[in-house]
Amino acid sequence: MQNDMARMIKEDILTIIKDARLSHKQTTFALAEYAMNLCDYPLGTPTEEFQELEAKRILCDHNDGHAPYSPRYILPDYDVFLDHGCAYLRLPPPNSFQELLSGLLILYMNVPSVTHYPVYGGRLDRMLERFIDQVSQEDARRQVRQFLIQIDRMISDSFFHINIGPEETKSGRILIEELSKLNNPTPNMTLRYDPNKTSDAFAELCVGAALRCANPAFALDAYFKENAFENYGIASCYNGLPVGGGAYSLSRMRLGPAAEDAADEHDFFSRVLPHAVDVACRFMEAKIRFIAEETPFFSSNFLVREGMVHKDRFVGLFGLVGLNECVNILMDRKGAPDRYGHSDAANALGKEIIQRIDEQVSSFKSKYSAYKGGRFMMHAQVGACGDNGVTPGVRIAIGNEPPLYTHLRQAGMMHPYFPSGIGDIFPFETTACKNPSAVLDVIKGAFSVGMHYISIYAADSDVIRVTGYLIKKSDMDKYLSGQAVFNSAVNASAEAVTCRGIYERKVEHL
């Protein structure tokens, strides 16, 4: 038996090593993940219950790993670096525009995450604004352009996320203009939009950039401040998390398979759903305990020692996907024709499902999610490998989208339950690039009906948003032809493109 196991492990390792579509770093990371998952899950994990539900595709650990050795998402307080430098990296506080840019690049490359790359680059426009007047407009633009190119080539996945706004700044305008010219998938970017602080002129500039290169997305700043964290950042795909902290873990529930496991709606609400939520919460808590108590991260990592990260600012994220399929399956079980996103009855059922999950998740007390009073936060997760037949988060399935304004109102019903992250994506017909004010009106309308995060791009854009992150379609063509590509998000999204119809999203016309 041991010889058989050893042979299987060697074969798996060689399969990774021989995959021509992986770069050197991607191979290294895949081997590291494989090694970590040879370990058992941490002590206290409801392993048998979890594995039973995992086998049914109801629960998923979302690649956190069997023995995670750092928090999944880390949002350093970069102001600490600006004010005090970083002793560990032998970096003094930056005193110039160039010192800030080079110092940030060095710091970014030493921030861990589930992807092994940083997922948060801070409020970059505000950081740059400290020094912007030391250099000419032309020199600032040149240096920012080179900085963005370096980010795209050094951080080889597009989960790295920077924030700008809500106010327009010289730095913010340069960032937007250069990002749209470069047409790179990294960094991901969000405009923190506030109608009282963000001018229409600047918002329209951001809309124009987003149509060309899927960046930036738009977050309703006041919502995140009130319902997530006053000092928040948007990281990774669209995760709203505390600056100086982040997320320990993100486990997921697939609601479609959960509905399939139920005899009817009553069985779903009385047995299947509460059991799955309970197992998921206990599973998450065991993994978080391992990170907080058994790994050396919070006792030795330089980010903690130098005050850029604090243990009491981390939370657990309870993710879910597949509400679309869940509602439709339960409707089928009772012989109703209603479809999610297309009838009041189906939408009401979807809302009830989310309310039930939210109530149970909120009642679970975590020893470690101190920043939210011992509660995990709900997250509408965007999907992962193996999610064929599962719609991301609580979105309406691709190919079944209703008219735009109906779609926005339906999404607005669901967004308030997910303060740690939810988003919807809308491709626009190419002529929208000539009318950014009309697209801005759509975004304002979306926020007015309850949405708090929205992404757009033009139908002919090479850079598109897959689920929450960005890829270039030209890179996907290379990958599908068997070539290695630099952005590892392309590898991760191949299944979404080939099996889940990402390119077939409904294109909106103004």
Side-chain angles (χ1 to χ4, degrees), residues 8-39 60-74 105-106 108-121 148-162 182-188 214 235-237 239 250 252 381-388 462-500 502:
M8 183 182 72
I9 290 171
K10 289 178 182 178
E11 289 174 356
D12 289 345
I13 290 171
L14 285 172
T15 298
I16 295 170
I17 289 172
K18 293 180 180 181
D19 190 340
R21 297 174 301 174
L22 299 180
S23 69
H24 177 80
K25 278 189 177 181
Q26 290 162 6
T27 300
T28 302
F29 294 163
L31 290 171
E33 182 179 351
Y34 184 85
M36 178 177 61
N37 287 334
L38 292 175
C39 298
C60 165
D61 81 344
H62 197 31
N63 298 322
D64 273 349
H66 290 193
Y69 43 93
S70 74
R72 182 181 181 94
Y73 301 129
I74 298 171
L105 279 176
I106 294 169
Y108 289 160
M109 297 309 297
N110 287 276
V111 178
S113 78
V114 67
T115 68
H116 307 288
Y117 288 108
V119 296
Y120 179 66
L148 292 173
I149 291 171
Q150 288 173 305
I151 286 175
D152 182 68
R153 306 309 192 270
M154 294 172 69
I155 301 173
S156 61
D157 72 42
S158 49
F159 296 99
F160 176 68
H161 209 123
I162 61 177
L182 290 168
N183 211 31
N184 289 330
T186 308
N188 209 332
S236 190
C237 290
N239 311 53
L250 169 56
R252 309 183 315 144
Q381 203 275 326
V382 295
C385 292
D387 273 358
N388 290 336
D462 186 29
V463 179
I464 66 166
R465 200 168 291 272
V466 176
T467 52
Y469 56 87
L470 283 69
I471 66 164
K472 292 172 78 77
K473 290 188 287 188
S474 54
D475 280 346
M476 180 57 68
D477 291 342
K478 294 176 184 176
Y479 181 78
L480 294 178
S481 71
Q483 300 179 51
V485 295
F486 188 71
N487 183 3
S488 59
V490 175
N491 312 15
S493 58
E495 184 181 273
V497 168
T498 57
C499 302
R500 297 182 220 149
I502 296 300

Asks: Step by step, work out the side-chain contact (heavy atoms from CB on, under 4.5 Å) result for Gln483 and Arg21.
Replies: CA-CA 5 Å; Gln483 300 179 51; Arg21 297 174 301 174; over 6 Å; no
Asks: Less than 4.5 Å apart, any side-chain heavy atom of Met476 and any of Ser493?
Replies: yes
Asks: Output the distance between atom NE2 (His116) and atom CD1 (Ile155), rounded to the nearest 0.5 Å.
Replies: 14.5 Å
Asks: Could you please spell out the steps behind the side-chain contact (heavy atoms from CB on, under 4.5 Å) verdict for Arg72 and His62?
Replies: CA-CA 10 Å; Arg72 182 181 181 94; His62 197 31; 2.9 Å; yes
Asks: Any idea which heavy atoms bring Pro185 and Ser158 closest together, and the distance?
Replies: O-CB, 3.2 Å
Asks: If you round to the nearest 0.5 Å, how far is SG of Cys60 from CG of Asp387?
Replies: 7.0 Å
Asks: Give a yes or no on whether the backbone of Met8 and the side-chain of Glu11 come within a donor-acceptor separation of less than 3.5 Å.
Replies: no
Asks: Could you state the interatomic distance from CD1 (Ile13) to OG1 (Thr27), rounded to the nearest 0.5 Å?
Replies: 12.5 Å
Asks: Between Ala484 and Ala20, what is the shortest heavy-atom contact and its length?
Replies: CB-O, 3.6 Å
Asks: Hey, does Val119 have a side-chain heavy atom less than 4.5 Å from the side chain of Ile74?
Replies: no
Asks: Between Lys472 and Asp152, is there a salt bridge with N-O shorter than 4.0 Å?
Replies: no
Asks: Keeping Asn110 on the side-chain end and Ile106 on the backbone end, is there a donor-acceptor pair under 3.5 Å?
Replies: yes
Asks: To check you understand the geometry: which heavy-atom pair defines the closest contact between Val466 and Ala496, and what is its length?
Replies: CG1-CB, 4.0 Å
Asks: Looking at Met154 and Met109, what are the two nearest heavy atoms and their distance?
Replies: O-CE, 3.6 Å
Asks: To the nearest 0.5 Å, how far apart are OG in Ser488 and NZ in Lys25?
Replies: 10.5 Å
Asks: So, do Leu470 and Asn184 sit near enough that their side-chain heavy atoms are less than 4.5 Å apart?
Replies: no
Asks: Between Asp462 and Lys473, does any NZ, NE, NH1 or NH2 come within less than 4.0 Å of an OD or OE carboxylate oxygen?
Replies: no
Asks: Looking at Gly65 and Asn37, what are the two nearest heavy atoms and their distance?
Replies: CA-OD1, 3.2 Å
Asks: I'd like to check Val382 versus Cys237 (side-chain heavy atoms, cut-off strictly below 4.5 Å). Are they in contact?
Replies: yes
Asks: Quick one: are Leu38 and Ile9 in side-chain contact, heavy atoms under 4.5 Å?
Replies: yes
Asks: Between Thr186 and Asp157, is there a side-chain heavy-atom distance shorter than 4.5 Å?
Replies: no
Asks: For Val485 and Asp475, which heavy atoms make the closest approach, and how far apart are they?
Replies: CG1-O, 3.5 Å
Asks: Rounded to the nearest 0.5 Å, what's the gap from NE2 on His66 to CE on Met36? Could you check?
Replies: 8.0 Å
Asks: Going by heavy atoms in the side chains, are Ile162 and Asn188 under 4.5 Å from each other?
Replies: no
Asks: At what distance, to the nearest 0.5 angstrom, does CG of Asn63 lie from OG1 of Thr115?
Replies: 11.0 Å
Asks: Please lay out, stage by stage, how Phe160 and Tyr108 fare under the test ring pair (Phe, Tyr, Trp, His ring centres under 6.0 Å).
Replies: CA-CA 10 Å; Phe160 176 68; Tyr108 289 160; 4.9 Å; yes
Asks: Determine whether the aromatic ring centres of residues Phe29 and Tyr117 are separated by less than 6.0 angstrom.
Replies: yes
Asks: If we count only N and O atoms by modelled type, under 3.5 Å, do the side chains of Tyr34 and Asp12 hold a donor and an acceptor together?
Replies: yes
Asks: Where do Leu22 and Asn491 land on the side-chain contact (heavy atoms from CB on, under 4.5 Å) test, with the steps shown first?
Replies: CA-CA 8 Å; Leu22 299 180; Asn491 312 15; 3.4 Å; yes
